[in-house]
Amino acid sequence: MPVSLPAPPPVKAGTATHCPYCALQCGMNVATGETITITPRQDIPANAGGLCQKGWTAGELLTGDRLTTPLLHGEEVGWDEALDFVADRIRAVQAACGPDGVAVFGGGGLTNEKAYQLGKFARVVLRTSQIDYNGRFCMSSAAAATGRAFGMDRGLPFPITDLARADAVLLAGGNVAETMPPFVRHLAAMREAGGRLIVIDPRVTATARQADLHLQPTPGTDLALALGLLHIVIAQGDVDEAYVAARTGGFEAVRTSVAAWWPERVERITGVPVARMRAAVAILAAADRAAILTGRGAEQHAKGTDTVSAFVNLALALGLPGRQGSGYGCITGQGNGQGGREHGQKADQLPGYRKIDDPAARAHVAAVWGVDPGDLPGPGRSAYELLDALGTPTGPRALLLFGSNPLVSAPHAGRVAERLGALDLLVVSDMVLSETAATADVVLPTTQWAEESGTMTNLEGRVLLRRRAIDPPAGVRSDLEILRGLAARLRGTDGFSADPREVFDELRRASAGGIADYAGITYERIAAETGVFWPCPAEDHPGTPRPFLDRFPTPDGRARFLPVEHRPPDEDVDAEYPLYLTTGRVLAHYQSGAQTRRIASLNAAAPEGFVELHPDLAERLDVTHGERLRVIGRRGETEAPARVSAAIRPDTVFMPFHWPGVNLLTNPALDPVSRMPEFKVCAVRVERAR
């Protein structure tokens, strides 16, 4: 249930910085005195004076339940003892198993500097290929689809403020009213000016309730729905033929492939009435400026890349990408979900969005790092595959984990717990004792968002500056300091600065000439311009808020249509497991809840998870609101109280994933292109708890 926001505190001068949570990266001021006071900034267009309740209460993270001393097997120790132990165990593991015996797992909330340094540390110090990050669970399908369609992955390839001037927006699988409330002001401004909002979601979410048209498909059928919408566009003559001819390639193959997806067939698969599909197309086709957006609901599937490609095809057929005020975009989730995947903590990438198996990319980055290109490892395992391999005969025996909590956030979490337990060494760097940190051999306490400087890249591709507002507690170090300490112990190298500005300047050189080129971005420019859009290849370059206006960054300058076909979920319902489970977020919490569940007001607003089920299903099960239920799947089971609501389909149950247990159920089946797990649909049965 949505929760009312707290009253704004009085305006008070402070250090200008950014929220620690979602990819809007809302601007805020942090002032210190008797208490820490947070106020929103007006100069950052993404939020322009607004914050959600998570942002208002973010100061409580800085003074509440947090780590301040390294832990070795649960006992407090000094930093030298902790880092010496880690270095000794890494040497022993690699002596026995080779460089790939040690793995690194990063996070989409790390600053650009930390993400960059983590990738460099893995490849230069550890010389391991085994590095990936939790952003693989967030943006990877959209990244893969837009990379092959446009030649570039940037969440929104236009400023977020363009949405307020659109005539129509279609949002597939996103509940921004709860996940990033300040985003909604741009949609509200559009509707106030006469624009129309279309939402695709199996639930009547807080966002869907604000829509002019809501399409409510069966979970796992977004791809079929997108194909049906494109079929209608073609059949009704709404294709922008001039745009398609001038700016795209491959349309005829797509035109042929979607001929089989007539609306009545799509209705049988998705449950969405033909009339509502036609109404959606009518809204989009009549718009002079329109945007098609996807979120995790459409992307976190074993066919997520193809689903995004289908929505990109729809946008291209309507002539939207690369036009002022129009386009396709992805709603990035994590705080640095964009920048975190650009600079090398992903298994197949080097800084600047370069491919690690590209000889020219390897040569460029190796020169910046001062190493031989041949010494850089090749691509490693993707996130779930890496977690699944831990402690196996051919997998890593040690794991260094930064800013992630996979015991709660990863699919098939029971299997992940087994694999973490089989390691010879688990090291967790975090600000709080998360569920994963509580199982670690070594826990390293790190600085938080307002205690460190660095850059974040928001969902628009705007590089922002996070400024240090307060001093961290004594005994707490930054991730950059931790990496420098380990590099010195393992390689005796001083090439790992703990100064964020120095690291960013090196990142600029490493990214120069790449797709995500930061070469012209400096801390001074970011501060003066309240953010700079990449690509920005030189300091006199203005940045690129709309990169597709003149051409797409493909070899021929054209966007590519790609034929795709719908297929059922990897795990469909049957007699034993007759219901679909889908997962998502609630307003009060963020990601695995490791931070927000420690804030009293947020925890009071949403103290535990729940099972949302339709009244008809509740009646069949003889279940009442608030009664405790067991949700049982093929991989595990969990319990939570019932929330009876007509907002959900009768064949579907919903659970938020901020608490342990939900991901015991979810399916680790992977998208063949992006390696995204199928978080958003699996088969379950529901019964009363014992």
Side-chain angles (χ1 to χ4, degrees), residues 70 72-73 77 79-107 114-133 344-350 356-357 362 365-366 369-383 385-404 406 416 418-429 436-437 439-444 479-496:
L72 175 59
H73 299 137
V77 296
W79 275 98
D80 284 341
E81 184 178 353
L83 294 179
D84 287 346
F85 178 87
V86 173
D88 288 345
R89 295 299 294 273
I90 287 174
R91 278 191 288 266
V93 169
Q94 291 192 318
C97 306
D100 283 355
V102 178
V104 177
F105 198 90
K114 291 191 284 189
Y116 167 83
Q117 199 80 308
L118 198 61
K120 178 184 175 183
F121 176 84
R123 278 121 186 174
V124 173
V125 175
L126 298 178
R127 297 183 179 175
T128 180
S129 68
Q130 301 300 292
I131 175 172
D132 211 75
Y133 79 126
Q345 64 170 334
K346 195 161 172 271
D348 56 351
Q349 286 181 352
L350 289 172
I356 199 168
D357 54 4
R362 294 169 66 86
V365 174
W369 289 349
V371 299
D372 188 306
D375 290 339
L376 297 178
R381 294 177 173 95
S382 71
E385 291 167 303
L386 176 57
L387 294 172
D388 191 51
L390 296 175
T392 65
T394 58
R397 302 296 310 180
L399 177 66
L400 308 183
L401 191 148
F402 290 76
S404 188
V416 172
E418 291 175 4
R419 300 320 328 139
L420 290 174
L423 288 169
D424 296 336
L425 175 68
L426 174 60
V427 180
V428 174
S429 175
T436 307
T439 70
D441 299 290
V442 180
V443 183
L444 304 174
D479 287 324
L480 294 180
E481 291 175 309
I482 291 169
L483 293 174
R484 181 182 62 180
L486 289 175
R489 285 167 170 80
L490 292 166
R491 292 279 176 189
T493 178
D494 59 359
F496 286 79

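We count residues from 1, following the sequence as given.
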Problem set entry | L444 vs L83, side-chain contact (heavy atoms from CB on, under 4.5 Å): CA-CA, chis, key distance, verdict | CA-CA 9 Å; L444 304 174; L83 294 179; 4.2 Å; yes
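- Of all the heavy atoms in R123 and L376, the pair that sits closest is CB-CD2, 4.2 Å.
- Side-chain atoms of L387 and R419, non-hydrogen and from C-beta on, never get closer than 4.5 Å to each other.
- Side chains of F85 and L425 form a contact here, defined as non-hydrogen atoms less than 4.5 Å apart.
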For this session: Check step by step if side-chain contact (heavy atoms from CB on, under 4.5 Å) holds for L390 and L420.
Result: CA-CA 7 Å; L390 296 175; L420 290 174; 3.7 Å; yes
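- Between L350 and W369, the closest side-chain pair of non-hydrogen atoms falls below 4.5 Å.
- Minimum heavy-atom separation, R397 to C97: CG-SG, 3.6 Å.
- Screening residues 91-102 for side-chain hydrogen bond (donor to acceptor under 3.5 Å, both in side chains) gives D88-R91, D100-T128, D100-S129 as the qualifying pairs, with residues at least two apart or on separate chains.
- The heavy-atom pair separating S429 from F402 by the smallest distance is CB-CD2, 3.5 Å.
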Problem set entry | Intermediate values then yes/no, side-chain contact (heavy atoms from CB on, under 4.5 Å), I90 and L400 | CA-CA 10 Å; I90 287 174; L400 308 183; 4.0 Å; yes
Exercise. Does the salt bridge (charged side-chain N to carboxylate O under 4.0 Å, His left out) test come out yes or no for D132 and R381, once each step is laid out?
Worked result: CA-CA 7 Å; D132 211 75; R381 294 177 173 95; over 6 Å; no
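- Shown here for T392 and D388, the closest heavy-atom pair between the two residues is CG2-O, 3.8 Å.
- Of the possible polar contacts, one joining the D441 side chain to the L426 backbone as a donor-acceptor pair under 3.5 Å is found.
- Taking 4.5 Å as the limit, some side-chain heavy atom of L490 sits within range of a side-chain heavy atom of L126.
- A distance of 8.0 Å separates CZ in F105 from CG in L399, rounded to the nearest 0.5 Å.
- The nearest pair of heavy atoms linking G106 to L118 is CA-CD2, 3.7 Å.
- The two residues P377 and I356 come nearest to each other via the heavy atoms O-CD1, 3.4 Å.
- For the atom pair F496 CZ and K120 NZ, the distance stands at 4.5 Å (nearest 0.5 Å).
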For this session: Begin with the C-alpha distance, continue with both residues' side-chain angles, and end with the deciding distance and a verdict on side-chain contact (heavy atoms from CB on, under 4.5 Å) for Q345 and I131.
Result: CA-CA 6 Å; Q345 64 170 334; I131 175 172; 4.3 Å; yes
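- In this structure, the side chains of L480 and K114 come closer than 4.5 Å at one or more pairs of heavy atoms.
- Looking at heavy atoms from C-beta onward, L486 lies out of side-chain contact with V125 at the 4.5 angstrom threshold.
- Between L386 and P396 there is a side-chain heavy-atom pair separated by less than 4.5 Å.
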